[in-house]
Amino acid sequence: MSAMLTLYVPRDSAALAVGADAVADALHAAALAHGAALQLVRNGSRGLLWLETLVEVATPQGRVAYGPVAPDDVPALWPALVAEADGTPSAHPLRQGVTDQIPYLALQERLTFRRVGITDPLSLDDYAAHGGWAGLQAAVGMDSAAILHEVTHSGLRGRGGAAFPAGIKWKTVAHAVATPGATKYVVCNADEGDSGTFADRMLMEGDPYLLIEGMAIAALAVGATEGYVYIRSEYPHAVATLTEAVARAMAAGWIGDDVCGSGRAFHLHVRMGAGSYVCGEETAMLESLEGKRGIVRAKPPLPALEGLFGQPTVINNVLTFAAVPTILAQGGAFYRNYGVGRSHGTLPFQLAGNIRRGGLVEKAFGLTLRELLYGFGGGTASGRPVKAVQVGGPLGTYVPESQWDVPLDYEAYAAIGAVVGHGGLVVHDDTADMAGLARYAMEFCALESCGKCTPCRIGSTRGVEVIDRITLNRHQPVVRDQQVTLLRDLCETMVGGSLCAMGGMTPFPVLSALNHYPADFGL
């Protein structure tokens, strides 16, 4: 065996949930029992979640993956890892081959996630050795207009919600005037509450300095000196990792009083939410950050003009800020060349639900749902036919098979009444009850509504009741059809009258289920 055996075991929450810490302990015990020198790196997840816990071993051919590894597998696996490290491929049944050559990874276009799963998340040296801080260093040598030009020219749009162009939002904040003596803010919305989404969490746990770098660039671009990351309370590991990363980045001078030697300040703070889904809406999040109850604000004024504490504020989510360092390091044109139409760059799609190979797939816009479901996901975990895929979170539409070949880009999906959102995909097989899922969407809205506007607060409660009447009267066509008409009218009211997307988008899953799967409603 070589002098030092180097192994990688993820510290990502998904890996921890299936026993990664116990696997790491078992590997340490095996090394001790065999008198071996072991370097065990706790990296982020590669995103092949069906293979967690994924153990990688450094070899002359590159890192070789074994998975899924359970603690009880380690004693028999140890000789294979030792042989692999010395350049002798093993025939162990858990061997997946050279990690970068696994098709699930090899077919991706990783820009934002290119370091996740490769580096030690909290190592500043590791981050710098893999291209970290290059974007911030470039931005320090540019004025605000030049930074804004690169971000605008890249075509970067918000990775979730309305997909608003980031460059335009940043320009608005840059040109806005703060109250004398006050400051502008940069706020990251990391309240990733959508079902089937986990990209924000994976990045914060696996490459936190990328988010810090992106927010620092935004601060330089708009003249902000204070920033906040608002993280959902269900992400304790992300909170701990990012908090430590912020402290280390500040101590090293990448942020703080003198950002990267620029003479400009940017102080970053991590705040944990209290578990409210509606605080994923930007104005409710601002209320929460200010110590108030998370209730949606009426707009205007826009947060870009009057945001946190009434001052001009840039608000983007994790994936949007995390794309910025690549844009500054490589140039806006480089990023713009990925994607199709007005959907530029890449998006980390997250495969969840009834899927055989769940995980994260970063690809340029323009691939299809069918490619993701079968080329990457391998179909359902149950082995039954796919019936529906909810795209874009709990307020996203259910996409039927007839639309699985529509390119995944913002305009193409808007044309079919769907949203790409945060890239979350939840798969259902042919046993799914779409009427029940539609009812759940209304019930979810009723539970999570902030209560400020009537269409959302009352409409969602009435929606649950109407769907119940439809299903209870499925064999009484006259009553059933009257209730269907009422449901469509209610959804129209919610879309047009709600203050925010909580009520405005809840009808999306309801109407898509009703339109594409009428038999489930007895129609």
Side-chain angles (χ1 to χ4, degrees), residues 109 152 154-169 194-197 199 317 319-320 323 335-351 353 361-377 386-428 434 437-438 441 487-498 500-518:
E109 296 159 298
T152 304
S154 73
L156 176 66
R157 295 163 70 171
R159 295 298 188 241
F164 191 80
I168 294 176
K169 180 183 288 188
D194 286 351
S195 51
T197 58
N317 67 7
L319 297 182
T320 310
Y335 194 80
R336 188 182 186 87
N337 283 336
Y338 288 84
V340 293
R342 292 171 53 205
S343 300
H344 298 284
T346 62
L347 183 66
F349 295 97
Q350 298 126 86
L351 307 183
V361 177
E362 184 175 356
K363 288 285 288 184
F365 289 97
L367 82 166
T368 67
L369 200 53
R370 196 180 302 275
E371 291 176 77
L372 283 170
L373 290 176
Y374 296 103
F376 287 94
V386 177
K387 181 175 183 176
V389 184
Q390 189 172 30
V391 181
L395 309 184
T397 56
Y398 289 103
V399 182
E401 185 174 7
S402 61
Q403 296 176 341
W404 291 352
D405 295 312
V406 174
L408 275 158
D409 72 73
Y410 295 122
E411 278 65 45
Y413 261 54
I416 63 171
V419 292
V420 175
H422 198 55
L425 312 176
V426 179
V427 181
H428 299 272
M434 302 309 294
L437 290 173
L487 179 61
R488 291 187 182 278
D489 185 61
L490 175 64
C491 286
E492 183 180 349
T493 300
M494 292 179 69
V495 169
S498 298
C500 79
M502 184 78 238
M505 288 182 65
T506 292
F508 285 17
V510 176
L511 292 175
S512 61
L514 185 63
N515 292 336
H516 298 304
Y517 308 95

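All heavy atoms count here, side chains included; hydrogens, waters and symmetry mates do not.
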Derivation of the side chain to side chain contact (heavy atoms under 4.5 Å, CB included) call for V391 and V419: CA-CA 7 Å; V391 181; V419 292; over 6 Å; no
Side chain to side chain contact (heavy atoms under 4.5 Å, CB included) evaluation trace for L425 with L369: CA-CA 9 Å; L425 312 176; L369 200 53; 3.8 Å; yes
Trace of the side chain to side chain contact (heavy atoms under 4.5 Å, CB included) decision for F164 with I168: CA-CA 8 Å; F164 191 80; I168 294 176; 3.8 Å; yes
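To the nearest 0.5 Å, atom CG of residue D405 and atom CD of residue E371 are 8.5 Å apart. Interatomic distance, CG of N337 versus OG of S154, reported as 11.0 Å (0.5 Å rounding). Taken from CG in L367 to CG in L372, the straight-line distance is 4.5 Å, to the nearest 0.5 Å. In this structure, CG on L347 lies 8.0 Å from CD on E362, to the nearest 0.5 angstrom.
T197 and Q350 share no donor-acceptor pair across their side chains, judged by distance under 3.5 Å alone. With 3.5 Å as the limit, one finds a donor-acceptor pair spanning the side chains of T320 and N317.
Closest heavy-atom contact between L395 and A501: CD1-O, 3.5 Å. Taking both residues in full, the closest heavy atoms of V340 and G366 are given as CG2-CA, 3.8 Å, listed atom of the first, atom of the second, then distance. E109 approaches T346 most closely through the heavy-atom pair O-CG2, 3.6 Å. Across every non-hydrogen atom of V510 and C491, the tightest pair is CG1-SG, 4.1 Å. Pairing each heavy atom of F508 with each of G417, the nearest pair is CD2-O, 4.5 Å. Contact detail for G167 and T152: the closest heavy-atom pair is CA-OG1, 3.3 Å.
The ring of F365 has its center closer than 6.0 angstrom to the ring center of Y410.
Remark: side-chain polar atoms of Q390 are paired, donor with acceptor, to backbone N or O of G396 under 3.5 angstrom. When atom types are taken as modelled, the side chain of E411 and the backbone of A414 share no donor-acceptor pair closer than 3.5 angstrom. Side chain of T397 to backbone of V399: no donor-acceptor contact under 3.5 angstrom is found. A side-chain donor-acceptor contact under 3.5 Å links H422 to the backbone of R159. Under the 3.5 Å distance criterion, the side-chain polar atoms of S512 are matched with a main-chain donor or acceptor of P509. A side-chain donor-acceptor contact under 3.5 Å links H344 to the backbone of R336. In terms of modelled atom types and a separation under 3.5 Å, the side chain of S498 and the main chain of M494 share a donor-acceptor contact. For R157 (side chain) and R342 (main-chain N/O), a donor-acceptor pair under 3.5 Å exists by modelled atom type. Remark: the backbone N or O of K387 is paired with a side-chain donor or acceptor of Y517 at under 3.5 angstrom.
Side chains of H516 and Q403 form a contact here, defined as non-hydrogen atoms less than 4.5 Å apart. Side-chain contact between P394 and D194 is present, with at least one heavy-atom pair separated by less than 4.5 Å. At least one side-chain heavy atom of Y398 sits less than 4.5 Å from a side-chain heavy atom of H428. In this structure, V389 and W404 have side chains that are in contact, with non-hydrogen atoms separated by less than 4.5 Å. Under the 4.5 Å side-chain criterion, counting only non-hydrogen atoms from C-beta, P348 is not in contact with V361. V426 is not listed as a side-chain neighbour of L351, based on a closest heavy-atom distance of 4.5 Å or more.
Counting non-hydrogen atoms of neighbouring residues, nucleotides and ligands closer than 6.0 angstrom, the CD atom of E492 reaches no more than 12 such neighbours.
Under 4.0 Å is where a charged nitrogen must lie from a carboxylate oxygen, and between R370 and E401 at least one such pair does.
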